[in-house]
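See below for the structure under consideration.
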Amino acid sequence: MKIYFVAGEDSGDLHTRNLIRELKTRYPGLQTRGVGGDKMAAEGTELVAHIRNINFMGFVEVVRNLQTIRKLFQTVQHDIVSWKPDVVVLVDYPGFNLRLAKFVKGLGLPIFYYISPQVWAWKKGRVKTIRRYVDRMLVILPFEKDFYQKEGVEVDFVGHPLLDEILDKPGDNSSQKVIALLPGSRRQEIIRMLPVMLRMVPLFPEYQFVVAGAPSQREDFYREIMGESTARLVMNQTYDVLRQAHAALVTSGTATLETALLAYLRSCVTRVLRFPTRSESGW
């Protein structure tokens, strides 16, 4: 079996990596190819384009890079035609993927869409595009299944992948005072947010600030922004950094949910560890 994946962001790269890993346990001869990042590549996916070169944010950046986006679109179109996959799996990234769905449907290939665009919150008109071109939605939030069923779209609720990613790794109870800085994964938002976050460093000298570097960005990119800051940089270990942290400054996005889940799970572990013994409770 040959599956073509298109994931345009770090979170998509992570979740697609896990999906590919699970699929390979069921289909040992599975071949994968498409658009993604280092995590997908590590699972043996042949990358046509890397997310670090296409992860644009905001209207201005998209307009500025329209030529790059058009070229990528044409590259992916030609690659799908020449590689002849059995299935195409689109992962979030709706501005690009919903346009691609129309092209893929014209080829007669089955299309699965993993991790829905937030059409229930904004741009609801995209549901019409999904209904027309996507064969099946694989959604990660329970209410999304009801939403799509009412819209006449074939859909399965598959659970949120972050829960598997977080629960697969044990918590950490280190007493080191750490404040995690998560300025996002896109180049533009890091340039905008990281300097603001770094202003906090001299205000809390008793804490060690740690920047969680995104896998789609290069270390020297962060170093240039950080300059002489005493904050540490740790690349591609976001969950480990968060497990060590007493607090975190987080740019809105998937990382916000990741941080909230880890904080909740960590508080649960703390409560279990502090549960009184039989002698302490008087049982």
Side-chain angles (χ1 to χ4, degrees), residues 1-9 11-37 39-41 43-51 54 69-70 72-120 123-161 164:
M1 179 180 285
K2 297 164 66 175
I3 302 180
Y4 201 97
F5 292 92
V6 182
E9 300 173 319
S11 58
D13 179 42
L14 169 66
H15 302 325
T16 306
R17 184 274 308 271
N18 294 342
L19 177 59
I20 292 170
R21 185 177 290 172
E22 178 64 24
L23 286 171
K24 283 188 173 181
T25 66
R26 304 185 184 198
Y27 307 99
L30 179 67
Q31 299 178 54
T32 58
R33 185 178 174 91
V35 179
K39 289 182 173 61
M40 289 171 59
E43 287 298 316
T45 301
E46 296 181 67
L47 296 184
V48 177
H50 197 288
I51 57 177
I54 62 172
I69 296 170
R70 288 195 185 104
L72 170 66
F73 196 82
Q74 293 171 354
T75 298
V76 172
Q77 286 179 313
H78 294 155
D79 195 58
I80 290 173
V81 170
S82 62
W83 198 58
K84 297 181 175 63
D86 298 295
V87 178
V88 175
V89 178
L90 308 175
V91 185
D92 201 0
Y93 202 46
F96 186 93
N97 276 337
L98 288 179
R99 289 177 174 83
L100 184 63
K102 180 179 180 180
F103 170 79
V104 175
K105 190 70 172 180
L107 299 176
L109 296 174
I111 303 171
F112 288 78
Y113 207 119
Y114 179 49
I115 306 181
S116 170
Q118 295 179 353
V119 291
W120 35 265
K123 293 190 177 181
K124 190 176 178 180
R126 284 176 167 175
V127 174
K128 296 178 182 177
T129 302
I130 291 171
R131 185 168 51 235
R132 187 176 299 131
Y133 301 121
V134 175
D135 292 285
R136 200 167 196 92
M137 295 295 296
L138 306 176
V139 299
I140 63 176
L141 299 173
F143 68 84
E144 290 179 323
K145 182 174 182 179
D146 292 336
F147 173 84
Y148 277 111
Q149 284 179 333
K150 290 177 181 176
E151 295 292 338
V153 178
E154 294 293 323
V155 59
D156 288 304
F157 169 62
V158 296
H160 205 298
D164 294 328

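Just so you know, these numbers use all the heavy atoms, side chains as well, and skip hydrogens, waters and symmetry mates.
For the pair F112/D156, no side-chain contact is recorded, criterion being any heavy-atom separation below 4.5 Å from C-beta on. Y148 is listed as a side-chain neighbour of I130, based on a closest heavy-atom distance under 4.5 Å. T129 has its side chain out of reach of K102: every pair of non-hydrogen atoms, C-beta onward, lies at least 4.5 Å apart. Annotation: side chain of D146 is in contact with side chain of Q149 (closest heavy-atom distance under 4.5 Å). By the 4.5 Å heavy-atom criterion applied to side chains, F96 and V76 are counted as neighbours. Side-chain atoms of L141 and V139, non-hydrogen and from C-beta on, never get closer than 4.5 Å to each other. Residues K124 and E151 are in side-chain contact: their nearest non-hydrogen atoms beyond the backbone lie under 4.5 Å apart.
For the side-chain hydrogen bond (donor to acceptor under 3.5 Å, both in side chains) test, residues two or more places apart in sequence or in another chain that qualify with K105 are D135.
Judged by distance alone, with hydrogens and angles left aside, the side-chain atoms of T16 form no donor-acceptor pair with the main-chain N or O of D13 at under 3.5 Å. Under the 3.5 Å distance criterion, the side-chain polar atoms of D86 are matched with a main-chain donor or acceptor of K2. Formation of a donor-acceptor pair under 3.5 Å by the K123 side chain with backbone atoms of P117 is not found in this model. Using modelled atom types, one side-chain atom of N97 and one backbone atom of D92 make a donor-acceptor pair closer than 3.5 Å.
In summary, E43 and R17 do not engage in a salt bridge, as defined by a charged side-chain N under 4.0 Å from a carboxylate O.
Note: I3 CD1 to L30 CG = 4.5 Å, rounded to the nearest 0.5 Å. Atom CZ of residue F5 and atom CD1 of residue I20 lie 4.5 Å apart, to the nearest 0.5 angstrom. Atom CG of L138 is separated from atom NE2 of H15 by 13.5 Å, given to the nearest 0.5 angstrom. Rounding to the nearest 0.5 Å places CD of E22 at 10.5 Å from OH of Y27. Taking OG1 of T25 as the reference point, atom CG of L23 lies at 7.5 Å (rounded to 0.5 Å).
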| Can S116 and F147 be said to form a side-chain contact (heavy atoms from CB on, under 4.5 Å), step by step? | CA-CA 11 Å; S116 170; F147 173 84; over 6 Å; no

| task | Carefully, step by step, assess V35 and Y93 under the rule side-chain contact (heavy atoms from CB on, under 4.5 Å). | result | CA-CA 11 Å; V35 179; Y93 202 46; 5.8 Å; no

| said: Apply side-chain contact (heavy atoms from CB on, under 4.5 Å) to residues V134 and V153 and explain how you reach the verdict. | reply: CA-CA 8 Å; V134 175; V153 178; 5.8 Å; no

| Criterion side-chain contact (heavy atoms from CB on, under 4.5 Å) on M1 and R26, from CA distance to verdict | CA-CA 11 Å; M1 179 180 285; R26 304 185 184 198; over 6 Å; no

